[in-house]
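One structure below.
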Amino acid sequence: MFKNEIENSKQDLINSIIEVCKFKSVSEFNENSKYPFGEECNKALEYVLNLAKDMGFKTKNIDGYCGYVEIGEGKELIGIIGHLDVVPANIEDGWNSDPFDPIIKDNKIYARGTIDDKGPVMAALYAMKMINERCKLNKRV
């Protein structure tokens with residue numbers, strides 16, 4: 001059902017994963033800042049929210065602590081939870097390249113966050129986009 005849409009969106013998804021993985025979004029909690037988890041975490045959040053808004057979703061940044069993207073209608077809500085912060089990464093930790101300068105090698109994207117959890121967040125966002133374009137939802141996601 002979605003095979004063509006998936007193939008047509010594949011490069012956009014890859015590009016979005018690469019872009020979001022460039023943010024050095026290591027959490028630096030500071031309750032007295034307008035960026036409670038650090039400026040880079042806020043930049044990653046804003047990037048995803050702006051991308052989602054461009055896709056036609058309703059978005060909300062909740063004071064820099066978190067954000068959400070919403071599609072669909074109805075009282076019931078299905079939640080997909082993800083995060084955009086990452087643990088610190090240094091070349092000395094076994095990286096062969098800058099962990100915040102994504103590279104593609106052997107058909108894989110190498111960068112901090114590609115698996116936990118920036119890549120899955122992007123995959124969920126693109127899946128929501130495809131569903132939203134083809135279906136009328138009677139629940140909010």
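Taking Ile, Leu, Val, Met, Phe, Trp and Tyr as members and joining any whose side-chain heavy atoms lie under 4.5 Å apart, directly or through other members, V87 forms no hydrophobic cluster with any other residue. Under the 4.5 angstrom side-chain criterion for Ile, Leu, Val, Met, Phe, Trp and Tyr, the cluster partners of V86 are V26, F100. Taking Ile, Leu, Val, Met, Phe, Trp and Tyr as members and joining any whose side-chain heavy atoms lie under 4.5 Å apart, directly or through other members, the hydrophobic cluster of Y68 also contains I62.
Shortest non-hydrogen contact noted between K22 and P102 is CG-CD, 3.6 Å. When all heavy atoms of W95 and A111 are compared, the pair lying nearest together is CH2-C, 3.5 Å. Residues G82 and V121 approach most closely at CA-CG2, 3.8 Å, considering heavy atoms.
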Can you give me every donor-acceptor pair (side chain of residues 122-133, partner residue at least two apart or in another chain, under 3.5 Å) with its distance?
residue, atom, partner, partner atom, Å
Y126, OH, D12, O, 3.2
Y126, OH, S16, OG, 2.6
K129, NZ, E133, OE2, 2.8

List the atom pairs, with distances to 0.1 Å, where a side-chain N or O of residues 37-44 and a protein N or O form a donor-acceptor pair under 3.5 Å, not counting sequence neighbours.
residue, atom, partner, partner atom, Å
E40, OE1, K24, N, 3.2
E40, OE2, K43, NZ, 3.3

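Using modelled atom types, one side-chain atom of S9 and one backbone atom of E5 make a donor-acceptor pair closer than 3.5 Å. Listed for the S25 side chain is a donor-acceptor partner under 3.5 Å among the backbone atoms of L84. Looking at R140, its side chain never comes within 3.5 Å of a backbone N or O of I78 through a donor-acceptor pair.
Applying the side chain to side chain donor-acceptor pair (under 3.5 Å) rule to K58 yields the partners E70; only residues at least two apart in sequence or on another chain are considered.
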Problem - Check against side chain to side chain contact (heavy atoms under 4.5 Å, CB included), R112 and K118 - result: CA-CA 9 Å; R112 179 61 100 206; K118 294 176 179 182; over 6 Å; no

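With no hydrogens or angles considered, no side-chain donor-acceptor pair links N15 and E19 at under 3.5 Å.
In this structure, CG in L49 is found 6.0 Å from CG in N61, a value given to the nearest 0.5 Å.
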